[in-house]
Amino acid sequence: QVQLVESGGGLVQAGGSLRLSCAASGRTVSMYAMGWFRQAPGKEREFVAAINWSGGSTYYADSVKGRFTISRDNAKNTVYLRMNSLKPEDMAVYYCAAVRTGSPTLRANDYDYWGQGTQVTVSS
């Protein structure tokens, strides 16, 4: 079993930056693809970014491309999401997820493990 714990959320002004972390425990996720999703109040959970097992391939939603960067440190069993130029529309609860395959997927239903989420609030 894999446990995922997100951290790094908080309140930031529009245009600011945050770095989210997702620490995995229970077993290594070094061979798993990892993803970040977000859910704003009243909206469905949406894909943000994903990374393959090695970190060599990354994928982004169009809405965050060029502003967000996903990365991973397999030695630390941790995945990161660097968020720059934050906008009010980025405000949401951000979730980390792991899928047992090494290839990432954009579909939330494909992921096997989920964290509890971390709140990101962007003030205008």
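Residue numbers start at 1 and run along the sequence shown.
Using a 30° and 60° split on the angle between ring planes, F68 and Y94 fall in the tilted class, from 30° to 60°.
Annotation: the span from W36 atom CH2 to I70 atom CD1 amounts to 8.0 Å, rounded to 0.5 Å. In this structure, the separation between CD on Q119 and CE on M91 is 7.5 Å, given to the nearest 0.5 Å. Going from atom CD of E44 over to atom CD of Q39 covers 8.0 Å, rounded to the nearest 0.5 Å. Rounding to the nearest 0.5 Å places OG of S21 at 13.5 Å from CZ of R72. In this structure, OG1 on T28 lies 4.5 Å from CG on N77, to the nearest 0.5 angstrom. For the atom pair CE of M34 and CH2 of W53, the computed distance is 15.0 Å after rounding to the nearest 0.5 Å.
By the criterion of side-chain heavy atoms lying less than 4.5 angstrom apart, applied directly or through intervening Ile, Leu, Val, Met, Phe, Trp or Tyr residues, M83 is grouped together with V122 in one hydrophobic cluster. F47 and L20 fall into different hydrophobic clusters, where Ile, Leu, Val, Met, Phe, Trp and Tyr side chains are chained together by heavy-atom contacts under 4.5 Å. One hydrophobic cluster, built from ILVMFWY side chains closer than 4.5 Å, holds both V2 and I51. Side-chain heavy atoms closer than 4.5 Å link hydrophobic residues (I, L, V, M, F, W, Y) into clusters, and following such links, possibly through other members, connects V99 to L106.
At a threshold of 4.5 Å between non-hydrogen side-chain atoms, the residues V29 and Y113 do not count as touching. When side chains are defined from C-beta on, Y60 counts as touching T69, because their heavy atoms get closer than 4.5 Å. Under the 4.5 Å side-chain criterion, counting only non-hydrogen atoms from C-beta, V64 is in contact with R38.
Taking a 6.0 Å sphere around NZ of K43, one finds it holds 12 or fewer heavy atoms contributed by other residues, nucleotides or ligands.
Members clustered with Y80: none, using a 4.5 Å side-chain heavy-atom cutoff among hydrophobic residues.
Between the side chains of N84 and S17, at least one donor-acceptor pair of N or O atoms lies under 3.5 Å.
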Distance-only criterion, 3.5 Å: show the donor-acceptor pairs between side-chain atoms of residues 3-13 and protein atoms not counting sequence neighbours.
{"residue": "E6", "atom": "OE1", "partner": "Q116", "partner atom": "N", "Å": "3.1"}
{"residue": "E6", "atom": "OE1", "partner": "G117", "partner atom": "N", "Å": "2.9"}
{"residue": "E6", "atom": "OE2", "partner": "C96", "partner atom": "N", "Å": "2.8"}
{"residue": "E6", "atom": "OE2", "partner": "G117", "partner atom": "N", "Å": "3.2"}

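A salt bridge does not link K87 to D90: none of the charged nitrogens lies less than 4.0 Å from a carboxylate oxygen.
Taking the centre of each ring, F37 and Y111 come in below the 6.0 Å mark.
No side-chain donor-acceptor contact under 3.5 Å links D110 to the backbone of T105.
Listed here is the closest heavy atom pair of A14 and S124: CB-CA, 4.3 Å.
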